[in-house]
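This structure is a prediction, so every number in the text was calculated from the model and none was measured. Atom set for the values below is all heavy atoms of this structure, side chains included, hydrogens, waters and symmetry mates excluded. Counting starts at 1 for both ligands and their atoms, in listed order.
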Amino acid sequence: MRVYNTLTQSKVEFIPREEGKVSIYVCGPTVYNYIHIGNARCYLSFDVIKRYLKFKGFDVYHVQNFTDVDDKIINQAKKEGIPASEVAEKYSQGFIEDSKALKFDPPDIRPKATEHIPEMIEMIQGLIDKGFAYVEDGDVYFEVGKFDEYGKLSHRKLDEMEAGARVEVDERKRNPFDFALWKKAKEGEPSWSSPWGDGRPGWHIECSAMSLKYLGRSFDIHGGGQDLIFPHHENELAQAECYTAESPFVRYWLHNGFVTLTGDKMAKSVGNVVLLKDVIKKYDPMVVRMLFLTTHYRSPIDFSEEKLKESTRSYERLNNLVGNIDRVLKKREEKVSRLEPGRDVIVLKAFIENGEPEFVEAMDDDFNAPDALGGLFKAARDINTYLASYDEFSLDELDMLQDIKELFIRLGGAVGLEFTSFLSPEDVDEEWQEERRAVMLSGLAKFAGVNVKDAGVLFKRDFPSFVKKFVDLRAAKRAEKEWQTADTIRAFLDSQDILLEDTAAGTLVRIRRLIV
Ligand SMILES: [Zn+2]
């Protein structure tokens with residue numbers, strides 16, 4: 001298996017510290033707001049990586065922190081008029097809820113920065129003792145000039161950075177890139193006592209202290225968004241390697257790409273954020289997962305409503321296959337015991353034999369999920385065509401279909417995709433119907449020429465029969481070769497989240513799994 005390591009800027013063979021075990025640290029959220037789609041991409045990318053490592057048989061230990069003390073939290077507390085600790089608690093809970101909705105495999109531990117102040121103080125003191133940090137009037141700074149390799153992760157050179165820098169001169173710092181390990185307390189802000197007076201830790205030292213505590217030295221994977229490479233991860237690395245006098249702090253640095261919105265990076269500071277919780281009110285979380293899976297985790301994604309709709313269709317394509325196979329398997333009693341001569345089952349056999357090796361080959365190449373899913377999409381297309389061509393299947397075919405279904409579910413699960421059978425018109429609840437009532441009644445009135453009142457009676461009494469009216473009407477138009485009207489009816493139903501699929505056994509009706 002090969003992974004792209006930001007430190008070497010190349011794809012390298014993945015060899016964990018301990019055979020069969022993988023330790024991962026992913027920088028968690030600074031809890032001062034709900035997460036946006038850009039943040040969600042980071043956690044989703046590492047959820048996919050973690051799940052795939054588990055699929056490969058690794059025993060994974062995953063640590064993801066909460067940064068629950070920070071300037072941004074303090075500012076938000078002033079805005080909301082509540083204590084900083086309440087802000088942190090509120091948005092930590094919000095993050096856990098969002099994570100559950102997106103079905104992230106939860107970390108083994110979620111350490112909070114505020115519960116690890118002693119570990120941070122110990123590390124800062126160690127850095128002072130070894131001459132890598134200095135105290136300046138209650139603040140403590142890391143002295144970047146003392147670490148020869150500073151800049152090795154982000155591939156910058158300190159002297160070039162200094163020449164190009166337009167940072168404000170801070171009299172207290174020996175170098176403009178020196179960064180705070182400890183910040184002197186200010187009036188009304190949370191603080192802890194320390195050998196240098198009351199204060200609070202800097203952001204970077206939190207992650208170094210917590211990752212070393214829970215994962216030990218030279219752990220396997222450190223993850224985060226590309227925007228964290230500098231300064232956050234550069235500084236984490238400098239602190240940790242100077243403190244432990246051991247290199248590497250991390251064996252593989254993995255970073256996911258940005259999410260942009262009409263070309264600009266999505267960021268709270270830019271003000272162009274789309275909150276995850278708002279997206280999943282409208283779209284199935286599996287659709288959001290699909291959106292990120294169909295682009296390589298290191299490439300940028302431009303987020304749009306159009307992309308979500310596209311991902312809805314992509315997800316439906318895979319989900320449909322599982323639903324279609326289920327439908328065939330349920331009719332086992334109608335089985336034909338022998339394979340009909342002339343049927344070519346190579347399409348089925350090809351996926352059973354090659355589906356997994358091709359999927360694994362793609363994922364082993366730096367988690368290339370778009371390529372891995374490409375194989376599933378192709379198989380779904382071929383197998384769906386096969387299923388739609390016949391209405392009876394032999395026992396051999398049913399056995400193969402059972403294997404295919406299981407393989408689909410297993411490979412989907414390796415990247416966190418879950419498949420469920422589609423809802424049928426019998427399954428939808430009243431609220432769902434009510435939202436579509438007015439449009440659907442006038443639709444039936446228009447296409448079938450019935451009056452809205454009669455349509456309304458049927459809608460209320462028997463929704464599946466009501467939907468069937470459209471299906472029959474479309475079939476009649478097709479029989480009359482009025483293709484355009486038939487297509488218009490189908491598109492109308494699609495706009496109401498009712499999908500039609502023509503198969504050898506007739507037209508299937510399914511309800512799109514959008515959350516309403
Ligand atoms: Zn971090």
Side-chain angles (χ1 to χ4, degrees), residues 5-7 23-33 35-36 38-47 49-50 61-73 88 91-92 95-96 99 104 106-117 119-121 123-124 127 142 144 147 150-154 177 179-183 200-244 248-258 267-269 297:
N5 189 352
T6 304
L7 186 68
S23 41
I24 305 184
Y25 186 90
V26 179
C27 289
T30 300
V31 278
Y32 71 105
N33 200 340
I35 61 165
H36 59 70
N39 308 132
R41 185 184 189 191
C42 168
Y43 305 116
L44 196 127
S45 299
F46 288 96
D47 182 69
I49 287 170
K50 177 186 178 185
Y61 193 75
H62 171 205
V63 179
Q64 187 171 297
N65 68 297
F66 279 123
T67 292
D68 61 345
V69 56
D70 187 86
D71 288 338
K72 290 169 182 164
I73 298 172
Y91 294 110
S92 297
F95 178 75
I96 289 175
S99 301
F104 292 155
D108 293 281
I109 183 163
R110 298 185 197 268
K112 291 180 176 172
T114 55
E115 291 170 3
H116 295 79
I117 305 289
E119 287 87 344
M120 294 170 206
I121 290 175
M123 198 168 166
I124 296 168
L127 287 167
F142 183 89
V144 292
F147 181 45
Y150 190 78
K152 70 176 172 180
L153 178 66
S154 54
F177 288 96
F179 55 89
L181 298 170
W182 188 260
K183 297 176 178 181
R200 60 189 165 95
W203 173 33
H204 316 303
I205 196 74
E206 297 176 2
C207 284
S208 301
M210 290 186 278
S211 58
L212 284 175
K213 173 171 179 175
Y214 292 105
L215 298 173
R217 299 176 179 201
S218 291
F219 65 87
D220 295 311
I221 295 176
H222 193 314
Q226 282 167 357
D227 51 344
L228 294 188
I229 299 172
F230 188 87
H232 185 52
H233 289 168
E234 190 71 62
N235 292 352
E236 273 190 46
L237 183 157
Q239 295 161 160
E241 294 194 357
C242 291
Y243 176 69
T244 61
F249 161 47
V250 168
R251 296 168 70 85
Y252 304 96
W253 289 91
L254 271 50
H255 293 97
N256 64 279
F258 294 134
K268 280 168 196 154
S269 54
Y297 79 94

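For the residue pair Y25/N65, the side-chain donor-acceptor check at 3.5 Å is satisfied.
The Zn ion (ligand 1) has an N, O or S atom of C27 closer than 2.8 Å. Residue contacts to the Zn ion (ligand 1): H232 brings an N, O or S atom closer than 2.8 Å.
Classification of the H116-Y214 ring pair by plane angle, with boundaries at 30° and 60°, yields perpendicular. Ring geometry for F147 versus Y150: interplanar angle over 60°, hence perpendicular rather than tilted (30 to 60°). Aromatic ring orientation, F179 versus H204: perpendicular (interplanar angle above 60°, classes split at 30° and 60°).
Looking only at its N/O/S atoms, E236 has OE2 as the one nearest to the Zn ion (ligand 1).
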